[in-house]
Amino acid sequence: MGIRKSNKLPQVVLLKQILKKCSSLVKKHEHQLPFDVPKGHFPVYVGENRTRYIVPISCLTHPGFQCLLRCSEEEFGFDHDMGLTIPCEEFIFQSLTSMLR
C-alpha cells in the first residue's frame, strides 16, 4: 500500500488565490465601497436582475461558496468595476447563504 497524497492542497491553494483576488479587488476600490457595507462584509450581485447582497467574509471559506466564486471567475472574471457577480439564481444563493449563518 502506497502513501496517498491529500487532495486538500489544491483546494487550499485555490482558496488562497480566490482570497487574494477578492482582497485585491477590495483594496483597489476601498475608497469606493458603499457606506452600507459593514466591515468584514462585501457586496455581491446575484441572479438575472443582479440583486445586491451583503455577505460576511467568513462565507469565503465555505466549500459551496467557493464553488460559486469559481463559477463567477470563469464567467465574469474578477477584474471589473461592477462588483462581484455570482452566476446563479437568487433562490439557490439565498439557500446556500442561509445555511452558512
Side-chain angles (χ1 to χ4, degrees):
M1 208 191 254
I3 299 175
R4 289 180 38 163
K5 286 186 177 181
S6 171
N7 56 353
K8 288 187 178 187
L9 182 61
Q11 292 175 352
V12 170
V13 171
L14 181 61
L15 178 58
K16 286 181 180 180
Q17 291 172 345
I18 290 171
L19 289 172
K20 184 178 178 181
K21 289 177 184 178
C22 289
S23 66
S24 67
L25 179 66
V26 170
K27 287 177 186 175
K28 182 177 171 184
H29 300 287
E30 194 169 57
H31 62 282
Q32 297 174 3
L33 283 178
F35 292 107
D36 65 336
V37 178
K39 186 174 184 172
H41 293 72
F42 61 100
V44 296
Y45 300 89
V46 180
E48 194 172 299
N49 296 324
R50 302 288 192 258
T51 304
R52 184 173 179 255
Y53 291 90
I54 306 299
V55 180
I57 289 176
S58 61
C59 289
L60 291 172
T61 59
H62 188 275
F65 199 83
Q66 290 174 22
C67 181
L68 290 177
L69 290 174
R70 283 190 297 273
C71 292
S72 176
E73 181 180 27
E74 289 172 8
E75 189 163 330
F76 304 111
F78 287 133
D79 190 26
H80 54 83
D81 295 331
M82 292 183 58
L84 185 61
T85 303
I86 305 291
C88 75
E89 296 191 31
E90 286 185 62
F91 76 93
I92 294 171
F93 182 80
Q94 290 171 349
S95 296
L96 175 65
T97 55
S98 69
M99 292 187 305
L100 302 176
R101 296 178 186 178

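Put simply, the side chain of His62 never gets that close to the backbone of Leu60: no donor and acceptor are under 3.5 Å apart. In this structure, Thr85 contributes its side chain and Tyr45 its backbone to no donor-acceptor pair below 3.5 Å. Put simply, the side chain of Glu75 never gets that close to the backbone of Pro87: no donor and acceptor are under 3.5 Å apart. Using modelled atom types, no side-chain atom of Ser72 and backbone atom of Leu68 make a donor-acceptor pair closer than 3.5 Å.
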Criterion side chain to side chain contact (heavy atoms under 4.5 Å, CB included) on Val46 and Phe91, from CA distance to verdict: CA-CA 10 Å; Val46 180; Phe91 76 93; over 6 Å; no
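Grouping the Ile, Leu, Val, Met, Phe, Trp and Tyr side chains by contacts below 4.5 angstrom, directly or via other members, places Phe93 with Ile57.
When all heavy atoms of Val37 and Arg52 are compared, the closest pair comes out as CG2-NH2, 3.3 Å.
With values rounded to the nearest 0.5 angstrom, Ile54 atom CD1 is found 9.5 Å from Phe42 atom CZ. How far CD1 of Ile86 is from SG of Cys71: 9.0 Å, rounded to the nearest 0.5 Å.
By the ring-ring contact (aromatic ring centres under 6.0 Å, His included) test, Phe65 pairs with no residue at all, sequence neighbours left out. Under the side-chain hydrogen bond (donor to acceptor under 3.5 Å, both in side chains) criterion, Thr51 pairs with Glu90, not counting sequence neighbours.
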